[in-house]
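What follows is a single structure, written as structure tokens, with notes after it.
Here is the naming used below: chain letters follow the sequence lines, and residue numbers restart at 1 for every chain.
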Number of protein chains: 2
Amino acid sequence: MRNYAHPDLADVTIEHALHALSDPVRLDIVRQLDRAGEASCAALDGGRPKSSMSHHFRVLRSAGLVHTRIAGVQHMNTLRREEVDKRFPGLLDAVLGVMG
Amino acid sequence: MRNYAHPDLADVTIEHALHALSDPVRLDIVRQLDRAGEASCAALDGGRPKSSMSHHFRVLRSAGLVHTRIAGVQHMNTLRREEVDKRFPGLLDAVLGVMG
DNA sequence: TTGATAGTTCGTATATAATCGAACTAGAGG
DNA sequence: CCTCTAGTTCGATTATATACGAACTATCAA
């Protein structure tokens, strides 16, 4: 795995983005990335198996929400904030602004 | 069927709302209700079978997004705009504001 | 080169969701 | 009461997601 393909946000539908955000594990990842700025997969796993996390990161990447950069042995993830905000204005603000 | 139970928005999670909105049929219903204000189930079916539509309306109701009022033989649906806006500020604006 | 660490991929099991026909229910009107 | 219409419920099928162990890959460090 040399590096990841990240979709152009223009090719991401709102349905796709909403679906990616509708899972509690993934929403938790997104919230943590919003706070932390950048984090490895392991830092966000909450004790879940690696294969499950890998699946959720893949969904988030395919929905254009998360960017993953390979840094040595770790894969560092960030929210694609500006791009998502441009494509879906207000969506992340709304989703991240909600109280439990 | 005398009338429907509509959940208190406080009991609806953002995950639940996002999931309801992430299906293309349901998103289409929501968009049409946003424009039309109020519509019967049949007016929004786009040629789909009644049982399928009934399922999607149930999901939308259970996510607190749609209110259904029985008016004679028809069931009239509206978006629960103000309540949803209060619970998830900016969410519907973001979802409904997106171009194609 | 060996070992450890981080994460992916594969395969499979299980759960959840979508689709839709058929039978049913409720209200309106003759 | 009969019938039409609008929508629900049931049941079965199929599709899509989730979960996760096991085997694999890549990088780093000793």
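Residue A/Y4 places no side-chain N or O under 4.0 Å from the OP1 or OP2 atom of C/dG7.
Heavy atoms only, all atoms of each residue included: B/H19 and A/S22 are closest at N-CB, 3.4 Å.
Side-chain contact between B/H67 and B/E83 is absent, with no heavy atoms from C-beta onward closer than 4.5 Å. B/L9 is listed as a side-chain neighbour of B/R80, based on a closest heavy-atom distance under 4.5 Å.
Nucleotide C/dA18 holds its P atom 13 Å from the CD atom of A/E15, rounded to whole Å. The distance between atom CZ of B/R69 and atom C1' of D/dA6, rounded to the nearest whole Å, is 14 Å. Remark: P of D/dT27 and CG of A/N3 are 10 Å apart, rounded to the nearest angstrom. Distance, A/H19 NE2 to D/dT16 P: 11 Å, rounded to whole Å. Remark: C1' of C/dT5 and NE2 of A/H75 are 11 Å apart, rounded to the nearest angstrom. Spacing between atom CE of A/M76 and atom P of C/dA6 amounts to 12 Å, rounded to whole angstrom units. At whole-Å resolution of the value, CZ in A/R26 and C1' in D/dA19 are 12 Å apart. Between the CG atom of B/D28 and the P atom of C/dA18 there is a distance of 15 Å, rounded to whole Å.
Of all the residues in residues 47-63 of chain A, A/K50, A/S51, A/S54, A/R61 reach under 4.0 Å from DNA chain C with at least one non-hydrogen atom.
Taking the six-membered ring wherever Trp is involved, the centroid distance between the rings of A/Y4 and A/H75 falls below 6.0 Å.
Counted by atom type alone, A/H56 and A/R26 present one or more donor-acceptor pairs between their side chains at under 3.5 Å.
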Chi angles and distances behind the side-chain contact (heavy atoms from CB on, under 4.5 Å) call for A/R31, A/V95: CA-CA 9 Å; A/R31 285 201 245 251; A/V95 168; 5.8 Å; no

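Each of A/V84, A/L33, A/D85 was evaluated against A/L79; a single residue qualifies, A/L33, per the side-chain contact (heavy atoms from CB on, under 4.5 Å) test.
Side-chain proximity of B/Q74 to C/dA6, C/dG7, D/dG7: nearest is D/dG7.
Ranked by how close their nearest DNA chain D nucleotide is to the 5' end, B/A42 and A/D23 are led by B/A42.
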